[in-house]
Amino acid sequence: MAAPWRSIRLEPEPFEPLQALAAWHAALATALGALPAAESHFIGRVRPSSASGEPLAALELEHYPGMTEAQLQALAQAAAAQHGATAVLVHHRVGRVLPGEPIVLVAVAADRRGPALRCGQELLEALKHEVPFWKREWLADGRSSWVTGNTPL
Amino acid sequence: MAAPWRSIRLEPEPFEPLQALAAWHAALATALGALPAAESHFIGRVRPSSASGEPLAALELEHYPGMTEAQLQALAQAAAAQHGATAVLVHHRVGRVLPGEPIVLVAVAADRRGPALRCGQELLEALKHEVPFWKREWLADGRSSWVTGNTPL
Amino acid sequence: MLQPLPTAAEPTQQVRVRLFASLRDAMGWSEQLVRLETATATPLALWHQLGLGPEHQGPDEPPTEVRVAINQQFAAWDAPLQAGDELAFLPPISGG
Amino acid sequence: MLQPLPTAAEPTQQVRVRLFASLRDAMGWSEQLVRLETATATPLALWHQLGLGPEHQGPDEPPTEVRVAINQQFAAWDAPLQAGDELAFLPPISGG
């Protein structure tokens, strides 16, 4: 099959997932002639409270410039190839992210719902464990702590 | 927990999924104060060819007025309750749908990614098998045939 | 046996039967009002009474691909029918 | 042992070591150029040479929660290091 169409982006500023998806649709429709029959999306937003239950002032997202982008590309390529997806999108915030703001958007377009759903879910888990991002929680009083694991499924 | 927030709609005319999601976001943010941390979407579109591989002129979607809406409500309620989702959206076309047009949009908002993903996937399978919809494929020469099953996962 | 229109004198003795999609096309009708012949009518009994199954199908044999709804809820082939019920026979569903 | 700046005379004898997030905060530095002492240097050897592990950690014992990247790709603790490599120690990842 043709190489999957990838849109991978680190977002240093707040982004609107539905606008990102609209731009992706337009680009895909141009590239493919029509949108594939099945499409899955996932949006993750910053929670209002820290892992220990205190009100969160902000989440800081550190990454490893160069390696983070390369890993996202490699994982998107691998997941799309494994599941036979047509196109994959991953947009991920870096820097200081406020409660309620989108932090990650994953989208997969495929010919059937199974590949679209499975590829999206696999990619979401992979970027939680296999891409160098680190979250630091900032509280209102200026204390901060690094998050040591991911939220449970 | 509070009863899940449901947006269930049969769409007799073409609809734009991203516009429907934007309106849902606005309503949810008003109702809940903020959007939940995890959100999954699925969009299904009409394929360009019939089950037997011929070019499709249109897909006709028949339903059982009254029962179809009631079943969608009941299944959305049950799936949201089972998985602990905060809000569920199902918009489904009825009538004559053209290739490439969206036919179904399912969205789930929840506190964590697991419930959002699992509830969405379960609801998608349920509406393929447990809601009275019937698809008829129309070909360019005026022949038509009822679809007897769903596409494989 | 079949009543093409409701009989004003005894509306409560009837069941409204509805067909959809391929089943409606095959039979050529979408809705009928049927008088309940017995107090123990079931969807399976009406299915045969209305000649909806193939001829070789035995009277106790429900069709495997068709589902039943009573008053717009899925029901069993041997569920008891009440006068005034809406009974629908649903060919294989293909939503989503 | 540690080289705070590249030595112009022999840049190819060095490895660039990078720390991130909690590991950088704990050690107080984010990047160092380290001269390769032997031809068989590994990430684990440099980890101990730079004093990155707790004192009670044995020299053959890699930390279980930290991962290694060489030239921005995940690598093993005993992978051979080449002069000019970029070596990073990555504390537990939390993306998505």
Side-chain angles (χ1 to χ4, degrees), chain A residues 8 10-11 42-47 50-51 59-76 78 90-94 97 102-106 120-137 143-153, chain D residues 6 11 14-34 42-44 46-47 50-54 56-57 61-77 79-96:
Chain A
I8 309 294
L10 296 183
E11 304 269 10
F42 179 83
I43 301 170
R45 293 187 178 83
V46 177
R47 288 184 176 71
S50 72
L59 200 63
E60 178 189 339
L61 265 153
E62 182 171 337
H63 71 294
Y64 185 168
M67 180 173 177
T68 300
E69 295 90 329
Q71 270 294 101
L72 285 174
Q73 290 282 359
L75 290 168
V90 180
H91 290 194
H92 201 295
R93 273 298 301 277
V94 293
V97 194
I103 188 171
V104 63
L105 168 65
V106 174
Q121 192 154 355
E122 181 177 303
L123 199 45
L124 184 60
E125 293 311 308
L127 69 85
K128 285 180 176 285
H129 301 287
E130 300 297 326
V131 185
F133 287 113
W134 297 274
K135 290 186 183 125
R136 192 206 307 237
E137 295 178 333
R143 282 179 298 145
S144 75
S145 58
W146 291 100
V147 175
T148 53
N150 280 292
T151 52
L153 250 178
Chain D
Q14 294 174 329
V15 167
R16 181 180 303 266
V17 180
R18 301 183 66 172
L19 304 183
F20 290 91
S22 58
L23 199 52
R24 176 199 56 226
D25 288 1
M27 298 307 296
W29 58 270
S30 64
E31 189 168 326
Q32 288 199 35
L33 288 167
V34 178
T42 64
L44 185 57
L46 279 185
W47 173 264
L50 293 169
L52 291 167
H56 59 79
Q57 200 175 44
E61 207 179 327
T64 53
E65 300 223 311
V66 175
R67 293 174 74 178
V68 168
I70 298 177
N71 297 328
Q72 308 200 349
Q73 301 214 323
F74 287 119
W77 281 94
L81 284 167
Q82 312 284 332
D85 279 351
E86 175 172 302
L87 169 64
F89 294 113
L90 312 178
I93 281 170
S94 56

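By convention in this document, chain letters (A, B, ...) are assigned in the order of the sequence lines, proteins followed by strands, and residues within each chain are numbered from 1.
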The reported gap from CD1 in D:I93 to NZ in A:K128 (rounded to nearest 0.5 angstrom) is 12.5 Å
Mind checking what makes side chain to side chain donor-acceptor pair (under 3.5 Å) contact with A:E69, not counting sequence neighbours?
-> none
Which region of A:E60, side chain (C-beta onward) or backbone (N, CA, C, O), has a non-hydrogen atom less than 4.5 Å from a non-hydrogen atom of chain D, or is it both or neither?
-> neither
Listed partners of A:H63 passing side chain to side chain donor-acceptor pair (under 3.5 Å), at least two apart | none
Heavy atoms under 4.5 Å from chain A: which residues of residues 67-74 of chain D carry them?
-> D:R67, D:A69, D:Q72, D:Q73, D:F74
Say you draw a straight line from OG of D:S94 to CZ of A:R136; how long is it, rounded to the nearest 0.5 Å?
-> 11.5 Å
Sorted by chain and residue number, the salt bridge (charged side-chain N to carboxylate O under 4.0 Å, His left out) partners of A:E11 (sequence neighbours excluded) come out as A:R9
Are A:T148 and D:E65 close enough that some pair of their side-chain heavy atoms sits under 4.5 Å apart?
-> no
Aromatic ring pairing A:W134/D:F20, orientation class (parallel under 30°, perpendicular over 60°, tilted between) = parallel
Quick one: CG on D:D25 to OG on A:S144, what's the gap to the nearest 0.5 Å?
-> 7.5 Å
If you tally heavy-atom pairs under 4.5 Å against chain D, which of A:I103, A:V90, A:T68, A:V131 wins?
-> A:V131
Against chain D, label A:W146 side chain, backbone, both or neither, depending on which of its atoms sit under 4.5 Å from a heavy atom there.
-> side chain
